**Q** 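The structure that follows is given in the form of structure tokens.
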Amino acid sequence: MSDKQLTFFDEDKKIEIQKQIENLQRELDYDTRDYPISYLVDLYKDEDETVFAPKYQRQELLWSLYYKSRFIESLILDYPIPLIFLADTLDGKLEIVDGLQRISTLSEFLRNNFELSGLKKLDSLNNNAFEDLPDAEKRRLKSKSLRIIVLKKSTNNETKRELFDRLNTSSLRANTSEVRLGREFDNDLMKLIRNLATNEDFIESTNLSEGRLNRKDDIELISRFFAYSHSLDNYKGKVVNFIDEFINEEGKNWSTEKELEYTDEFVKTMKFVNKNFDRGFQKEDRNQTPNVRFEALSVGVNLALKENEDLIIDSSTVTKLLSSDDFESWTTTDAANNRSKVYSRIEGVRDFLLHESK
């Protein structure tokens, strides 16, 4: 084929690409608006449901009280929040494409349906509802404008769902461990946790994939190890809140003695597991270390070693534990973070090892 023919082909291909881009761009037409919070909430709760959630969003899990409180706190402190996406419909209503939890949280708060809880910055607002705010702050919150992207009514349903999917899944949002690592970067306990993540016995016995390491799951596992080892009695069923509060409080009251104590127990526990459990914390049938399995074994072993530093077990004891119906029940993911289940798996492993120790 001649250079001239190749040029014609390339130009035709470019024209085809340009046409496809322009056609698909026309599917998404929108304008930008600023709605006061009070106005948006009124539209969401009026008789006509002027602002409404489509069926594909109504089954979404609602935010916990902690996340609702954090969102309200961000607004009061004038922190930036993500855009809300609505879509104009043929009957003049506005369909929520992205932002249902934010809008519903605002509606609940302005109607005094919940009290703020777990706030670290504005801690004076904990246990207060909207009606308890100073009058000036109530007016400011209601009049604060939110930036809204409104899709034109010509936007088809497939494009709306595509946008919803891209907004919620196309980028990896920071998980709780990544957020905690960033927030507590200068926390002395978090510094120790980062250092201990390089422990060879820990790395070998957990065998975390590159993806999990990139998501800071090693930091999450070690954070859970210390929190459950030292503050199990304070666990109320909310893992994120529990770990956050433990890291924060321990970091404030850190000492050289604590650093030595925490380092020693972690190193001894990882060495014990790596020596006595052929597959470390991994499941028997796959190279995977689930959080619940790590919690049960690591914290259970740590607590057992604290009671008996000369703890000795053999391979038959390990097999007996891991193949038992109790261990299967303790480490299933169903209601895994239920308070009683967390206690059962940690104390169950501890008691089993102490009873079977040679």
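Not measured: the values here are computed from a predicted model.
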**Q** Side chain to side chain contact (heavy atoms under 4.5 Å, CB included) between L322 and L297: does it pass, once the steps are laid out?
**A** CA-CA 10 Å; L322 299 183; L297 293 176; 4.2 Å; yes

**Q** What is the minimum heavy-atom distance between T89 and E95, and which atoms define it?
**A**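 So the minimum-distance heavy-atom pair works out to CG2-CB, 4.1 Å.
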
**Q** Yes or no on salt bridge (Lys or Arg N to Asp or Glu O under 4.0 Å) for R139 and D135, after CA distance, side-chain angles and deciding distance?
**A** CA-CA 6 Å; R139 285 190 287 269; D135 290 341; 5.0 Å; no

**Q** Taking all heavy atoms of S316 and all of D314, pick out the closest pair and write down the distance.
**A**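 Here S316 and D314 meet closest at OG-OD1, 2.6 Å.
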
**Q** Is there a side-chain contact between N187 and I247, using heavy atoms and a 4.5 Å cut-off?
**A**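 Yes - at least one pair of side-chain heavy atoms lies under 4.5 Å apart.
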
**Q** With a 4.5 Å cut-off on side-chain heavy atoms, are L133 and F130 touching?
**A**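 The answer is yes; the side chains approach within 4.5 Å.
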
**Q** Using side-chain heavy atoms (C-beta onward) and a distance below 4.5 Å, is I313 in contact with F272?
**A**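 In short, these two side chains touch, coming nearer than 4.5 Å.
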
**Q** Is the number of heavy atoms from other residues, nucleotides or ligands within 6.0 Å of NZ (K138) greater than 12?
**A**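 Yes.
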
**Q** Could I get the full list of ring-ring contact (aromatic ring centres under 6.0 Å, His included) partners for F114, not counting sequence neighbours?
**A**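 Partners of F114 under the ring-ring contact (aromatic ring centres under 6.0 Å, His included) test: F109.
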
**Q** Do E220 and R224 touch side chain to side chain, with heavy atoms closer than 4.5 Å?
**A**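 Touching, per the 4.5 Å side-chain cut-off.
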
**Q** Taking atom NZ of K93 as the centre, report whether more than 12 heavy atoms of other residues, nucleotides or ligands fall under 6.0 Å from it.
**A**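 Count over threshold, so yes.
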
**Q** Has S231 got a side-chain atom pairing as donor or acceptor with A227's backbone, closer than 3.5 angstrom?
**A**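 No, because the side chain of S231 does not come within donor-acceptor range (under 3.5 Å) of the backbone of A227.
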
**Q** Evaluate the criterion side chain to side chain contact (heavy atoms under 4.5 Å, CB included) for residue pair L86 and I96; output intermediate values, then yes/no.
**A** CA-CA 5 Å; L86 306 178; I96 300 172; 3.9 Å; yes

**Q** Do F202 and F266 have ring centres separated by under 6.0 Å?
**A**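 Between F202 and F266, the centre distance is under 6.0 Å.
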
**Q** Please identify which of these residues, E108, E115, E73, meets the salt bridge (charged side-chain N to carboxylate O under 4.0 Å, His left out) condition with K68.
**A**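 Per the salt bridge (charged side-chain N to carboxylate O under 4.0 Å, His left out) rule, the option paired with K68 is E108, out of E108, E115, E73.
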
**Q** Output all residues satisfying side-chain contact (heavy atoms from CB on, under 4.5 Å) with S323, sequence neighbours left out; order by chain, then residue number.
**A**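 Residues passing side-chain contact (heavy atoms from CB on, under 4.5 Å) with S323: T319.
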
**Q** Measuring only between side-chain heavy atoms, which start at C-beta, is M270 closer than 4.5 Å to S298?
**A**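 Contact flag for M270/S298 side chains = yes.
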
**Q** Using the test side chain to side chain donor-acceptor pair (under 3.5 Å), find all partners of Y35 that sit at least two apart in sequence or belong to another chain.
**A**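 For Y35, the residues satisfying side chain to side chain donor-acceptor pair (under 3.5 Å) (neighbours in sequence not counted) are R33.
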
**Q** If I compare all heavy atoms of L116 with all of S69, which pair ends up nearest, and what's the gap?
**A**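 In terms of heavy atoms, the two residues are closest at CA-OG, 3.5 Å.
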
**Q** Show your reasoning for whether side chain to side chain donor-acceptor pair (under 3.5 Å) applies to S329 and D326.
**A** CA-CA 5 Å; S329 173; D326 283 338; over 6 Å; no

**Q** Within a 6.0 Å radius of atom CG on D325, are there more than 12 heavy atoms belonging to other residues, nucleotides or ligands?
**A**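 No, the 6.0 Å shell around CG holds no more than 12 heavy atoms from other groups.
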
**Q** Around atom CZ of R147, are there more than 12 heavy atoms from other residues, nucleotides or ligands closer than 6.0 Å?
**A**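 No - once you tally the heavy atoms of other residues, nucleotides and ligands closer than 6.0 Å, there are 12 at most.
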
**Q** In sequence, state the C-alpha distance, the side-chain angles, and the governing distance for F327 and R345, and then conclude on side chain to side chain contact (heavy atoms under 4.5 Å, CB included).
**A** CA-CA 7 Å; F327 188 76; R345 63 172 170 263; over 6 Å; no

**Q** Please say whether more than 12 non-hydrogen atoms of neighbouring residues, nucleotides or ligands are located less than 6.0 Å from NZ in K144.
**A**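 Check passes, neighbour count above 12.
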
**Q** Side chains of L40 and I84: closer than 4.5 Å at any heavy-atom pair?
**A**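 Touching, per the 4.5 Å side-chain cut-off.
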
**Q** Please give me the minimum heavy-atom distance between D46 and T50, naming the atom from each residue.
**A**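 Smallest heavy-atom distance, with atoms named: OD2-OG1, 2.6 Å.
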
**Q** Should L305 and T269 count as side-chain neighbours, where that means a heavy-atom distance under 4.5 Å?
**A**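 Heavy-atom side-chain distance check passes, below 4.5 Å.
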
**Q** Salt bridge (Lys or Arg N to Asp or Glu O under 4.0 Å) for E356 and K320? Distances and angles first, verdict last.
**A** CA-CA 10 Å; E356 298 290 329; K320 183 178 179 181; 3.2 Å; yes

**Q** Does CG belonging to D278 count more than 12 external heavy atoms closer than 6.0 Å?
**A**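 Not more than 12 within 6.0 Å, no.
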
**Q** Does Y30 form a side chain to side chain contact (heavy atoms under 4.5 Å, CB included) with D88? I'd like the steps, not just the answer.
**A** CA-CA 9 Å; Y30 63 88; D88 193 4; over 6 Å; no

**Q** List in chain and number order the residues that pass side chain to side chain donor-acceptor pair (under 3.5 Å) with K275, two or more places apart in sequence or in another chain; answer none if no residue qualifies.
**A**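 None.
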
**Q** Spell out, yes or no, whether V267 and V273 are grouped together once hydrophobic residues are joined by side-chain heavy atoms under 4.5 Å, including indirect joins.
**A**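 Unlinked, V267 and V273 end up in two clusters.
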
**Q** Evaluate the side-chain proximity of I219 to M190: yes if any heavy-atom separation is below 4.5 Å, no if none is.
**A**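 Answer yes - side chains close enough.
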
**Q** Are there more than 12 heavy atoms of other residues, nucleotides or ligands under 6.0 Å from atom CD of E284?
**A**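 Buried by this count: over 12 neighbours within 6.0 Å.
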
**Q** Would you say K258 has more than 12 foreign heavy atoms packed within less than 6.0 Å of its NZ?
**A**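 For K258, atom NZ is crowded (more than 12 foreign heavy atoms under 6.0 Å).
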
**Q** What pair of heavy atoms forms the shortest contact from V349 to G300, and how long is it?
**A**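 In terms of heavy atoms, the two residues are closest at CG1-CA, 3.9 Å.
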
**Q** Going through the checks in order, is the salt bridge (Lys or Arg N to Asp or Glu O under 4.0 Å) test met by E137 and R140?
**A** CA-CA 5 Å; E137 292 304 323; R140 288 191 185 97; 2.8 Å; yes

**Q** For Y262, what residues pass the ring-ring contact (aromatic ring centres under 6.0 Å, His included) criterion, not counting sequence neighbours?
**A**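 Y262 satisfies ring-ring contact (aromatic ring centres under 6.0 Å, His included) with F226, H230, W254 once adjacent residues are dropped.
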
**Q** What pairs with N207 under side chain to side chain donor-acceptor pair (under 3.5 Å), at least two apart in sequence or on another chain?
**A**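 If we apply the side chain to side chain donor-acceptor pair (under 3.5 Å) test to N207, skipping adjacent residues, the hits are Q282.
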
**Q** Do any N or O atoms from the side chain of R102 and from the backbone of L83 form a donor-acceptor pair under 3.5 angstrom?
**A**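 Answer holds: yes.
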
**Q** Could you check Y235 against Y343 for ring-ring contact (aromatic ring centres under 6.0 Å, His included), going step by step and ending with a plain yes or no?
**A** CA-CA 9 Å; Y235 180 68; Y343 275 66; 7.3 Å; no

